[in-house]
Colleague: 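Submitted below is the structure of interest, expressed as structure tokens.
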Amino acid sequence: MSHTLQLILLLLAAAVVVIVVCRLVRLPPILGYVVIGIAVGPHALGWVPDDANVRDLAEFGIVFLMFSIGLEFSLPQLNTMRRAVFGLGLAQVAITTVMGMFVLHLLGFPWLQGFTLGGAMAMSSTAIVSKMLAERMELNSVHGRDVMGTLLFQDLAVVAFLIAVPTLAAGGSDLWSSLAIAAGKATIALAIILVFGQRPMRAWFHVIARARSSELFMLNVLLVTLGLAALTELAGLSFALGAFLAGILIAETEYRYQVEEDIKPFRDVLLGLFFVTVGMYLDLRVVGANLGWVALLLVGPVLAKLILIVILSRLFGAPLGAALRTGFYLAQAGEFAIVLLALASELAVVERTFAQLVLAAMVLSMLSAPLLIQFAEPLARRFTANDWLARAAQVTQIAARTMARQEHVIICGFGRSGQNLARLLEREEIAFIALDADPERVREAAADGSSVVYGDAGRREALIAAGLPKARAVVVTFADTATALKILHHVQQLRPEVPVVVRTVDDSELDRLIKAGAAEVVPEMLEGSLMLASHSLLLLGVPLNRVLARIREIREERYSLFRGFFHGASDSADAADNLQPRLRSVLLTDRSAAVGRTLGDLDFKGLVEVTGVRPRGMRTTVPAPDYRFAAGDVVVLLGRPENLTVAERRLLRG
């Protein structure tokens with residue numbers, strides 16, 4: 001008992017340390033778990049034994065991982081992304097697997113080992129890639145949709161690999177018939193559960209939900225997940241298939257998101273334990289003695305996969321730039337590659353020493369993924385810089401649409417905001433032309449009769465072709481400061497008198513955009529705050545004309561009342577960015593150096609902005625330069641963190 005408790009405490013402590021470190025360096029915890037497994041495993045410190053009990057517990061992590069994939073499985077989503085999923089995704093997984101089998105067969109490896117390692121090589125890291133796509137706001141881009149569609153097919157393909165590999169490893173006189181029987185069982189199970197299981201599952205969850213017990217709801221989720229996993233294992237199939245089917249069933253009910261939140265702690269902890277056991281397989285002495293092989297296994301698959309994905313993306317109609325970006329995002333190994341490798345090693349499909357070298361290469365590949373993705377954009381731009389024929393065709397098409405237009409508005413970006421603006425311009429009978437870099441959106445909008453053409457608004461020639469010399473105004477409707485600054489630069493060079501309205505997420509880049517030449521900058525968060533405040537004031541009985549006057553006053557003052565905000569623990573992502581202005585309140589005491597001095601005496605110019613002072617028992621006001629501070633004043637400062645620290649020290653210590 002004491003040994004088990006010590007083991008649990010050790011793994012919990014390691015997990016806490018790993019997650020903290022990985023959060024700080026912005027890496028997925030999976031890599032940290034593998035490193036912990038290496039450190040505490042039998043080949044290093046030997047704190048955790050490599051026994052059956054630890055492995056059995058770790059296998060539950062795979063169950064909940066497959067369940068989570070099932071929850072994300074959506075037939076409407078598959079239909080919407082069918083080109084990326086069943087076109088690019090299917091081709092990428094199939095060709096990568098076959099290529100892996102062929103190359104390893106030429107090197108003298110058995111074909112089953114080639115099939116398994118080829119399938120593992122086909123997988124990419126969903127955790128790393130989806131996170132970076134979201135951070136870079138590229139989920140809805142051309143390459144973003146291709147990447148997510150391919151990842152979705154990889155998630156589905158791993159279910160097939162988890163069924164096929166154990167069946168093939170079992171061998172037998174008639175291997176192909178065994179594989180066909182396994183595939184038939186899986187198809188029948190999938191059909192029965194999807195066709196006949198949805199209605200009973202929804203009804204059962206209704207019964208559980210009426211009890212209004214979170215404990216009962218959680219127990220029911222565990223029962224359904226593990227129960228279906230056990231049933232598929234009894235039927236001679238993988239337990240992962242049962243968990244996957246359970247996720248699909250629940251995904252079709254209205255309880256999907258609640259289940260996803262409830263199951264996440266179990267999934268993350270148990271999956272972390274699984275990756276710890278994977279790390280325990282790795283013997284750094286063996287890896288160190290074969291560094292050449294590790295380097296070859298790292299560079300070869302990543303480079304081959306990158307080239308293959310770029311070629312396939314081009315064949316499926318993606319522009320060269322988008323194809324290159326897709327290749328860079330998907331070139332690295334992924335979590336499921338490690339899952340398949342661990343399964344193959346356990347079934348003795350892959351020899352243990354070679355499995356360790358492959359595992360080391362995969363971990364290094366995942367570690368290098370953020371760097372590879374970071375350089376995707378500049379490399380893609382460099383390689384597509386000479387794609388002059390496509391550029392010329394694009395500019396010609398834009399110019400043809402704008403030839404007869406005068407005094408029109410150029411809308412940069414035709415997303416939701418751009419389309420809403422276009423509708424208002426149409427009602428006022430104001431001509432416009434919209435530029436958008438999403439070919440699918442352009443095709444659909446053009447079919448609907450909208451004046452939208454395909455083009456990169458950040459390019460000088462695209463703006464000229466859109467009629468900038470004759471335009472009345474330019475509106476940037478997407479929240480991308482880098483591109484907005486390019487557009488402002490081009491407009492200032494060509495037509496500095498043309499007003500440019502720019503949309504941003506918050507107020508962090510407001511001053512920078514105005515200095516670059518923007519006539520108006522519209523921060524989403526501040527406008528949302530204004531609307532929230534105006535509705536609240538109206539409901540509290542403040543007259544409409546006074547509310548409108550307040551809003552107009554705030555806008556005329558460039559949102560000075562709403563600039564910045566007080567950061568808390570939940571704003572850690574923003575707090576990491578020292579370029580983000582924020583607010584800080586400083587209470588003056590009798591001993592504060594600022595007491596008795598004026599705002600002008602302290603000379604905060606160029607350091608921070610004093611947005612308000614609240615004397616004891618009074619309302620906050622914006623101080624004049626001759627305002628004299630007193631004990632009990634609360635001074636509200638706006639600025640960058642390092643400047644706020646200096647200003648606070650000047651207020652308190654002199």
Colleague: Check Leu372 against Ala331 and note the closest heavy-atom contact, atom names and distance.
Modeller: CD2-CB, 4.0 Å
Colleague: Check the pair Leu341 / Leu117 against side-chain contact (heavy atoms from CB on, under 4.5 Å), numbers first and verdict last.
Modeller: CA-CA 7 Å; Leu341 183 64; Leu117 292 177; 3.8 Å; yes
Colleague: Please report the C-alpha distance between Phe354 and Gln113 in whole Å, then the side-chain angles of each, then the deciding distance to 0.1 Å, and finally whether the side-chain contact (heavy atoms from CB on, under 4.5 Å) criterion is met.
Modeller: CA-CA 11 Å; Phe354 186 63; Gln113 188 167 335; 3.5 Å; yes
Colleague: Classify the angle between the aromatic ring planes of Phe86 and Phe153 as parallel (below 30°), tilted (30 to 60°) or perpendicular (above 60°).
Modeller: perpendicular
Colleague: Would you name the heavy atoms of Asp146 and Ala84 that are closest together and state the gap between them?
Modeller: OD1-CB, 3.9 Å
Colleague: Which atoms form the tightest heavy-atom contact between Thr116 and Leu340, and what is the distance?
Modeller: CG2-O, 4.2 Å
Colleague: From Ser365 OG over to Ile338 CD1, what is the distance, rounded to the nearest 0.5 angstrom?
Modeller: 9.5 Å
Colleague: State the OG-CE distance between Ser125 and Met362, to the nearest 0.5 angstrom.
Modeller: 12.0 Å
Colleague: I'd like to know if the side chain of Gln356 and the backbone of Val286 have a donor-acceptor N/O pair within less than 3.5 Å.
Modeller: no
Colleague: Applying side-chain contact (heavy atoms from CB on, under 4.5 Å), run through Thr326 and Val310 and close with a yes or a no.
Modeller: CA-CA 7 Å; Thr326 304; Val310 171; over 6 Å; no
Colleague: Write down the atom of Ala479, the atom of Val505, and the distance for their closest heavy-atom approach.
Modeller: CB-CG2, 3.5 Å
Colleague: Determine all donor-acceptor pairs shorter than 3.5 Å in which one atom belongs to a side chain in residues 291-307; sequence neighbours excluded.
Modeller:
| unit_1 | atom_1 | unit_2 | atom_2 | d |
| --- | --- | --- | --- | --- |
| Lys305 | NZ | Met121 | O | 3.0 |
| Lys305 | NZ | Met123 | O | 2.7 |
| Lys305 | NZ | Ser124 | OG | 3.1 |
| Lys305 | NZ | Leu330 | O | 3.3 |
| Lys305 | NZ | Gln332 | O | 3.1 |

Colleague: Nearest 0.5 Å, what's the CG-CG distance between Leu104 and Leu112?
Modeller: 11.5 Å
Colleague: Using every non-hydrogen atom in the two residues, find where Pro166 and Phe161 come nearest and quote the distance to one decimal.
Modeller: CD-O, 4.1 Å
Colleague: Please report the interatomic distance CE(Met101) to CH2(Trp111), rounded to the nearest 0.5 Å.
Modeller: 6.0 Å
Colleague: Could you check if a side-chain atom of Leu308 sits within less than 4.5 angstrom of a side-chain atom of Thr96, using non-hydrogen atoms only?
Modeller: yes
Colleague: I need the Leu228 CG to Leu249 CG distance, nearest 0.5 Å.
Modeller: 6.5 Å
Colleague: Using only atom types and a distance under 3.5 Å, with no angle test, would you say the side chain of Arg314 pairs donor to acceptor with the backbone of Ala318?
Modeller: yes
Colleague: Taking all heavy atoms of Thr150 and all of Gln92, pick out the closest pair and write down the distance.
Modeller: CG2-OE1, 3.5 Å
